[in-house]
Amino acid sequence: MKRQVLIISIFYFSYVIGQVSYSVPEEMPKGSLVGNIAQDLGLDIKRLRSGKARIYTGDSAQYIELNRERGVLLIKEKIDREALCRQTTPCALHFQITLENPLELFPVTVEITDINDNAPVFLKEERVFEISESAIIGSKFMLEKAIDPDIGQNGLQRYTLKPSDNFVLKLHAQSDGSKKVEMILQKNLDREKQEHISLVLTAEDGGEPQRTGTMQIHVTVLDANDNAPVFSKPVYKASISESSVIGTLVTKVTASDADKGLNGEVTYVIGNNMDSVAKLFHINSEGDVILDGPIDYEKEKVYNLDIEAIDQGGLSDSTKIIIDVIDVNDNSPIVNMISTSGSVPEDSAHKTVIALMSVNDPDSDTNGRVNCVINENIPFEIKFTSNNFYSLLTDSDLDRETASEYNITVTCSDEGLPSLSSKVTLTLQISDVNDNAPVFERSSYEAYIVENNTPGLSVFTVRARDADWNQNARVSYILEDSSFNGVPVSSYVSISADSGVIHAVRSFDYEQIKDFQFRVKAQDGGSPPLSSNVTVKILIQDQNDNPPQVLYPVQTGGSLVAEMVPRSADVGYLVTKVVAVDVDSGQNAWLSYKLQKATDRALFEVGLQNGEIRTIRQVTDKDAKKQRLTVIVEDNGQPSRSATVIVNVAVADSFPEVLSEYTDFTQDKEYNDNLTFYLVLALAVVSFLFITCLVVIISVKIYRWRQSRILYHSNLPVIPYYPPRYSDTMGTGTLPHVYNYEVCRTTDSRKSDCKFGRGGSQNVLIMDPSSTGTMKRIESEKSILDEPDSPLEQKPPNNDWRFTQGQRPGPSGPHMPYGTHIRWTPKSGTRATGGPEVAMGTGPWPQPPTEAEQLQALMAAANEVSEATATLGPGTMGLSTRYSPQFTLQHVPDYRQNVYIPGSTATLTSNPQQQQATAQQATQQALPPPQASAQAEPPKAVQTPASKKKSTKKEKK
């Protein structure tokens, strides 16, 4: 196989145009190699694959295919040169190889060479001649030409006639390259000798191997007809428009015969019957050549007709008609999209190629000259490159947000008259690029929420819009990191990432936070993402959720705080002033005071706005000494909230009258019943804790005993040291080592309670209902020592018990932070405990006790509590137990109930001798046996089982 490669030219545009030519013979089997196109074009195999190389043939059939993996051209279908090109030479296939990214175009020409695959063929296998015997030597008899579709050397080369006794062949070359075959009489015929003559006409080609075709010629010798027809012209020329209809007269030929009669009648026939031309034309007996079928200039530009004139004697003559087809603008331009881009990014550069197309018009000259334009007002342009190829390029900036899709209409028109045009529309999508940040609907937001909201409540919604599309326009909302009053703003509010709904994380309190602000970021889903910020301010709205709080007079649990009004008080006398506040704001904090209940409503009134209690008439002797006023304080909220305060007023001129009147003051029955229930409940809890502790201690004791046995048998001298007030690390003990108890009980009081201490001032007088001479004022208390086991000391009272106006409200009494204190007050008014000067909290042991002693002390304390509870009459016992810091419940403050009588100028002093005697008696009861030291020694280390045995032996000795 012979293959030729010819590289003609290469042009560089936004794509590359080159041309390669190959030559291959026809009838090659499918899959045969045409050429290595990658090598001939200088392209890499990877480029063919990445550029999606393909063959573009337009409307023609595709006989060649491209193998991208090998970079070669292969035969896709067997090629028949005769069917493809007929007699046209050279016969070639023209197609283009296109590449993408970037767009490149390479024209390729494959010439199809002829092989000797067709033998010469006659239309008829035999021909019959009737020749008069009078035919003169040299008479011509036209023979039918053989048809050989091959060309060149493989085509028809020569004819031979056998036998050649009477006839010889003569060939005449014609303008179209074919040869006219004539049989020439070279010897007179003699019917009497030979009436029938059989000849064989052989047509031979020049191919290898040689192929031939034969036709039988039968000659019948007739009687004399010695004149043959003769045409007026050897060649006729005519022209016809391709738009001519069937039946149009093309031309007229004339042949004359000198004979007379039947021998002079001439019949016309078209000689090239085998050719398709014979189907387009026919000739009548008059010699008129008439159009018999449609003709197309684009398919055939010239037609050659062989006309034969035959008389009745069998003599004939021949002529040739050359018919030129005139072109008419009957074809619109054909637009073929070679390569298109369905979408292009909106940030594409100028002159970006988005489509490549070829435009062809089969017409000729001006009828085939084409111009292409696109619709206006779009950012694109069309550019002519070469060889009827056009490219579509961007002409300006693209913006998807302005136009996301373009319908580009390409209109191609020829220059014929009338002009014909074709249109093709290309839909181009503009793909989005993340070039727009989200934009909030407002520059800032303000939202209101009522306090005491439910956590998770939706407060407000922020919205941002992104002009981009799809993922680039998907907005997510993020709460920026910030803090308010040192607390992250995320603990106040949260935001939904998708909807932008802001939720309250907690319940807000207007009294703590009135407003706060934060920033919300809206971020799109592009890459890289774009974002914008906005400030959101949340304002808390007040709710009437706080009742008024009474600051004065102070309401104590069991103490009686009374205001004294002299009987000589005039109308409008200021008894006291109820002071209250409301932490709400606005109308919710406007307070009003009303007298709800009073012993004598006609004696007192309360100021509606200021809360001042004044007399509204003169005090008389008939008025009761004890006046109880209930004042209600209401705010102006909706709904309104209120608080009540009880004010005790003593109508007396002297302080002893007040004491005698309030000595028999009894508590309300309902309050005593509640107190009894709580005491029983507390006793049950203490009993449960005691039993639990007892079980734990016994379990620990057994465990430690077993551990000591193990240590004893192991002969290991292990004696761990435990610092004071530390429990051992083996987990054998959980109780501390020092226990202090102080029990305060009253035999006559119907109200007993467990009181837990709180800090307070020392400006309230304490009056015991069962005593008339033990009033005292605590001036100050000594701070607790750093060592937890240190005793709590109290300074002696000051003789001056009167208070200034600023010192009136507040509880009194020092804190008792360590130890359990139980105070017993008998009916006589004397207390079992020592005075403030007695050291408390040292405990019954001067040294750290053993665990057995601790257990005994606990059991004795519980016994004593049970007995005391059983011996109480109408009253109850108030018990509060507090252990050291390792087993802490709570401390019990020493509340001394005081009664303050305003307006009095009397000076009350306590009895120092009675206090001293009482203190000495309490000290003797609290002190340990004589062999123990009065001052608590520093605690020793907790003993281990091994050390306990040693100490026990020493004590026995």
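Treat the numbers as computed from the prediction; the structure is a model and nothing was measured. Atoms considered below: every heavy atom in the structure, side chains included; atoms not considered: hydrogens, waters and symmetry mates.
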Do [Y] and [X] meet the salt-bridge criterion of a basic N to acidic O distance under 4.0 Å?
X	Y	answer
K76	E65	no
R47	E104	yes
D306	K320	yes
E415	R369	yes

Give a yes or no answer on whether the side chain of [X] reaches the backbone of [Y] with a donor-acceptor pair at less than 3.5 Å.
X	Y	result
Q62	I64	yes
S50	K46	yes
D432	W469	yes
T394	A349	yes
R68	A53	yes
D327	S364	yes
N336	G58	no
Q174	K179	no
E242	V328	yes
R442	R463	no

Given [options], the one that forms side chain to side chain contact (heavy atoms under 4.5 Å, CB included) with [X]:
X	options	result
C91	R86, E26, E82, R81	R81
S332	D414, L420, V370	L420
V424	I408, T411, T409, V410	V410

Exceeds 12 heavy-atom contacts within 6.0 angstrom, atom [atom1] of [X]:
X	atom1	answer
D365	CG	no
K301	NZ	yes
D481	CG	no

Atom pair [atom1]/[atom2] of [X] and [Y] - distance to nearest 0.5 Å:
X	Y	atom1	atom2	answer
F518	S490	CZ	OG	11.0 Å
L73	L93	CG	CG	11.0 Å
L426	I354	CG	CD1	6.0 Å
E480	K521	CD	NZ	6.0 Å
N116	E208	CG	CD	8.5 Å
S413	N371	OG	CG	8.0 Å

Indicate whether any N or O donor in one side chain lies under 3.5 Å from an N or O acceptor in the other, for [X] and [Y].
X	Y	answer
T109	H94	yes
N388	S358	no
D363	Y297	no

Heavy-atom pair of closest approach, residues [X] and [Y]:
X	Y	result
T113	P25	OG1-CA, 3.0 Å
A504	N453	CB-ND2, 3.3 Å
D466	A437	OD2-C, 4.0 Å
N434	P529	ND2-CA, 3.9 Å
E100	S339	OE2-OG, 3.4 Å
N36	G71	OD1-O, 3.0 Å

Checklist entry - Checking side-chain hydrogen bond (donor to acceptor under 3.5 Å, both in side chains) against N436, which of D399, D468, N472 comes through? => result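 Single pass found, and it is D468.
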
Checklist entry - Using the benzene-type ring in the case of Trp, are the ring centres of F516 and Y492 under 6.0 Å apart? => result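 Yes: the rings meet the under 6.0 Å criterion.
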
Item to check | Y303 ring center near F281 ring center (under 6.0 Å) | outcome: yes

Can you tell if the side chain of [X] reaches within under 4.5 Å of the side chain of [Y], non-hydrogen atoms only?
X	Y	result
I97	I37	yes
L249	V289	no
E446	L539	yes
F384	F389	no
N304	I321	no
D330	E298	yes
N533	V520	no
Y448	I538	no

Item to check | side chain to side chain donor-acceptor pair (under 3.5 Å) between N407 and T425, worked out | outcome: CA-CA 6 Å; N407 291 321; T425 300; over 6 Å; no

Next on the checklist: Walk me through whether N154 and D205 qualify under side chain to side chain contact (heavy atoms under 4.5 Å, CB included).
Outcome noted: CA-CA 6 Å; N154 296 324; D205 61 19; 5.7 Å; no

Item to check | F95/I55 under side chain to side chain contact (heavy atoms under 4.5 Å, CB included): CA gap, chis, key distance, verdict | outcome: CA-CA 7 Å; F95 57 89; I55 292 177; 3.5 Å; yes

Checklist entry - Taking it one step at a time, do R465 and E441 satisfy salt bridge (Lys or Arg N to Asp or Glu O under 4.0 Å)? => result CA-CA 8 Å; R465 301 189 182 275; E441 296 176 349; 3.7 Å; yes

Checklist entry - Taking the inter-plane angle between the rings of Y406 and F380 on a 0 to 90° scale, is it parallel (under 30°), tilted (30 to 60°) or perpendicular (over 60°)? => result perpendicular

Item to check | Step-by-step side chain to side chain donor-acceptor pair (under 3.5 Å) determination, D150 to N118 | outcome: CA-CA 6 Å; D150 297 329; N118 294 281; 3.0 Å; yes

Next on the checklist: Is there a side chain to side chain contact (heavy atoms under 4.5 Å, CB included) between N367 and D361? Walk through the geometry before answering.
Outcome noted: CA-CA 8 Å; N367 294 330; D361 194 325; 5.8 Å; no

Item to check | Residues I115, E27; criterion side chain to side chain contact (heavy atoms under 4.5 Å, CB included); working and verdict | outcome: CA-CA 8 Å; I115 63 173; E27 301 295 335; 3.8 Å; yes

